[in-house]
> 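Below is the structure I would like to discuss, written out as structure tokens.
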Amino acid sequence: MRKVKWGILGTAAIAVRDSIPGMLQAENCEMTAIAGRSMEKALQFKEKYGFLKAYGSYDELLADEEIEAVYIPLPNEMHCEWTIKALRAKKHVLCEKPLAPNAKQIAEMFAAAKENGVYLMEAFAYLHGPFINGVKEEVAKGTIGEVEYMESGFLTSDYDMSNIRMRKETFGGALYDLGCYCTSQILWVLGEEPKKVQAIAEFAENGIDVLTTAIIDFGDRKKATLTTGMNLATEKDMRIDRFRIFGTKGNIRSNVEFNECGDLQYILTVDGEETVKTIPTPQNYKLEVEQLSRCILEGETPYVTEEFSLRNSRLLDAILEKIGY
């Protein structure tokens, strides 16, 4: 099997914790190069994870003609700049969420991908997993009737103020870091464009939102709410992940974590009778790397499409405007 030669721009924690383990499992991925802010850090990653090459700058990796695709786990404020640089270097790009701070920049990123004949996909790994897609299918086939209400929640502990998640200039805050999961989950399952948004937030002294709630109106009695926050016990690694979907015939509920893998369960209630559904789910980061690699090798369409990323960003833009961020 031919493998796509991948490079990674940066040595971020998400790459260590999630993406590199997924790439190591991916059958059609060759971990060719790693670039860090220093050669010392890049060499450490090369030795530890088995990359073939190490670079002391991101530009050096992008200049490597052997590299076909790059994964970008850089801080939020660097996504747009380095994604466009990579696309102009004729590299396919898998960039962490959120792609950019607003829909306008995301449109520019996809335009750059088209101009250079390469793929761009936003890294919502959990959307590739059979769990959320099993839930989506359950809703689509009408098991719980017509959906009237969905709620999605994602809350974590707060962080030391030196953390990039806690800084406005790095596009930190609960909605950017966590709430984009909630908006994507709601849009993915319901598959519709919102008609109206209301939102309220609590802010830290430095201006980031630490607790945000939104009401999303899809029309025809269908509504959704999200609650996202970084307000649980400080630095305790606590988190709440949940969703509930209510229809005219029943409901679906789950506390499965975003990006969790293993035998994942949701509870389906129809006419008062509960059924526990179990869906085996592989490592989601493996699935997204394999999918984009198939796009490159076999011409598949990116699973997380340009249309979906723009729809999700428009919803985030609307919420941010309502809370005055």
Side-chain angles (χ1 to χ4, degrees), residues 1-10 12 14-16 18-35 42 45-46 49-55 58-74 79 82-97 99 106 109-134 136 184 188 259 261 280-310:
M1 174 188 292
R2 184 167 105 67
K3 298 183 178 184
V4 173
K5 297 182 184 299
W6 280 82
I8 298 180
L9 296 188
I14 190 171
V16 174
D18 299 310
S19 304
I20 289 176
M23 295 173 88
L24 287 167
Q25 294 179 40
E27 294 183 355
N28 53 7
C29 165
E30 179 183 284
M31 294 171 57
T32 304
I34 178 74
F45 269 60
K46 177 178 179 289
Y49 298 108
F51 290 95
L52 302 178
K53 305 176 185 180
Y55 293 106
Y58 307 145
D59 283 313
E60 288 180 273
L61 187 148
L62 294 182
D64 186 336
E65 294 183 359
E66 190 178 17
I67 302 299
E68 298 171 271
V70 297
Y71 167 64
I72 298 179
L74 297 169
H79 287 179
W82 285 99
T83 293
I84 289 177
K85 284 184 177 181
L87 295 169
R88 288 174 175 167
K90 310 295 185 184
K91 313 299 185 190
H92 306 281
V93 176
L94 175 66
C95 179
E96 269 306 325
K97 57 77 198 168
L99 273 181
I106 289 176
M109 294 159 78
F110 278 104
K114 291 173 185 173
E115 288 168 8
N116 290 280
V118 287
Y119 292 108
L120 168 61
M121 186 166 72
E122 189 169 16
F124 276 112
Y126 85 100
L127 293 179
H128 293 259
F131 176 76
I132 191 62
N133 288 295
K136 181 179 181 179
S184 68
W188 192 258
N259 288 318
C261 58
T281 300
Q283 211 262 21
N284 294 308
Y285 295 85
K286 163 187 178 290
L287 297 178
E288 72 175 355
V289 168
E290 287 185 334
Q291 204 274 318
L292 189 55
S293 294
R294 289 197 303 273
C295 292
I296 297 165
L297 297 173
E298 303 169 24
E300 283 191 14
T301 299
Y303 199 49
V304 181
T305 64
E306 174 184 359
E307 178 188 12
F308 182 80
S309 289
L310 285 169

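These numbers come from a predicted model, not from an experiment.
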> From K85 NZ over to L87 CG, what is the distance, rounded to the nearest 0.5 angstrom?
12.5 Å
> Using side chain to side chain contact (heavy atoms under 4.5 Å, CB included), reason through W82 and L62 one step at a time and then give a plain yes or no.
CA-CA 10 Å; W82 285 99; L62 294 182; 4.0 Å; yes
> Is the backbone N or O of Y126 less than 3.5 Å from a side-chain atom of N259, with the two atoms forming a donor-acceptor pair by type?
yes
> If the condition is side chain to side chain contact (heavy atoms under 4.5 Å, CB included), which residues does N28 pass it with, not counting sequence neighbours?
M1, A26, E290, S293, R294, L297
> Supply the atom-to-atom distance E27 CD to K3 NZ, rounded to the nearest 0.5 angstrom.
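Between E27 CD and K3 NZ, I get 8.5 Å after rounding to 0.5 Å.
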> Going through the checks in order, is the side chain to side chain contact (heavy atoms under 4.5 Å, CB included) test met by Y303 and C295?
CA-CA 9 Å; Y303 199 49; C295 292; over 6 Å; no
> State, to 0.1 Å, how close I34 and A42 come at their nearest heavy-atom pair, and which atoms those are.
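Scanning both residues, the minimum pair turns out to be CG2-O, 3.5 Å.
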> Determine the minimum heavy-atom distance between A15 and P73, stating which atoms define it.
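Answer, listing the atom of A15 first, then P73: CB-CG, 4.2 Å.
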> Determine, step by step, whether F124 and N284 satisfy the side chain to side chain contact (heavy atoms under 4.5 Å, CB included) criterion, reporting the C-alpha distance in whole Å, the side-chain angles of both residues, the deciding distance to 0.1 Å, and the verdict.
CA-CA 9 Å; F124 276 112; N284 294 308; over 6 Å; no
> Hey, could you give me the CD1/CD1 distance between I72 and I8, rounded to the nearest 0.5 Å?
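I72 atom CD1 to I8 atom CD1 measures 11.0 Å (nearest 0.5 Å).
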> For residues T305 and P302, report the shortest heavy-atom separation together with the two atoms involved.
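Minimum heavy-atom contact is CG2-O, 3.4 Å.
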> Under 6.0 Å between ring centres: does that hold for F131 and W188?
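Between W188 and F131, which both carry aromatic rings, the centre distance is not below 6.0 Å.
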> Consider salt bridge (Lys or Arg N to Asp or Glu O under 4.0 Å). Of E30, E298, E68, which one does R2 pass it with?
E68
> Using every non-hydrogen atom in the two residues, find where G129 and T281 come nearest and quote the distance to one decimal.
CA-CG2, 4.3 Å
> How many angstroms lie between CG in L310 and CE in M109, if you round to the nearest 0.5 Å?
10.5 Å
> For the pair Q291 (side chain) and H128 (backbone), establish whether a donor and an acceptor sit closer than 3.5 Å, ignoring hydrogens and angles.
no
> Give the minimum heavy-atom separation between I67 and W6, together with the two atoms involved.
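Shortest heavy-atom separation between I67 and W6 comes out as CD1-O, 4.1 Å.
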> Quick one, M31 and I20 - any side-chain contact, counting heavy atoms below 4.5 Å?
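Touching, per the 4.5 Å side-chain cut-off.
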> Would a 4.5 Å heavy-atom cut-off, applied to side chains only, mark K91 and L61 as touching?
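Heavy-atom side-chain distance check fails, nothing below 4.5 Å.
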> CD/E300 to CG/L292 distance, rounded to the nearest 0.5 angstrom?
10.0 Å
> Please check this pair: side chain of D64 against backbone of E66, looking for a donor-acceptor N/O pair closer than 3.5 Å.
yes
> Are any side-chain N or O atoms of H79 and backbone N or O atoms of L74, one a donor and one an acceptor, separated by less than 3.5 Å?
yes
> Apply side-chain hydrogen bond (donor to acceptor under 3.5 Å, both in side chains) to Y119 and list each qualifying residue two or more places apart in sequence or on a separate chain.
none
> Just by distance, do the side chain of E288 and the backbone of L127 share a donor-acceptor pair under 3.5 Å?
no
> When you compare the side chains of Y71 and E96, does any donor N or O come within less than 3.5 Å of an acceptor on the partner?
yes
> Considering non-hydrogen atoms only, spot the tightest contact between F110 and S309 and give its length.
CE1-CB, 4.0 Å
> Just how far is it from atom CG of L9 to atom OH of Y58, taken to the nearest 0.5 Å?
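Reported value, rounded in 0.5 Å steps: 7.5 Å.
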> With side chain to side chain contact (heavy atoms under 4.5 Å, CB included) as the test, would you mind laying out the steps for M121 and V304 before giving the verdict?
CA-CA 6 Å; M121 186 166 72; V304 181; 3.9 Å; yes
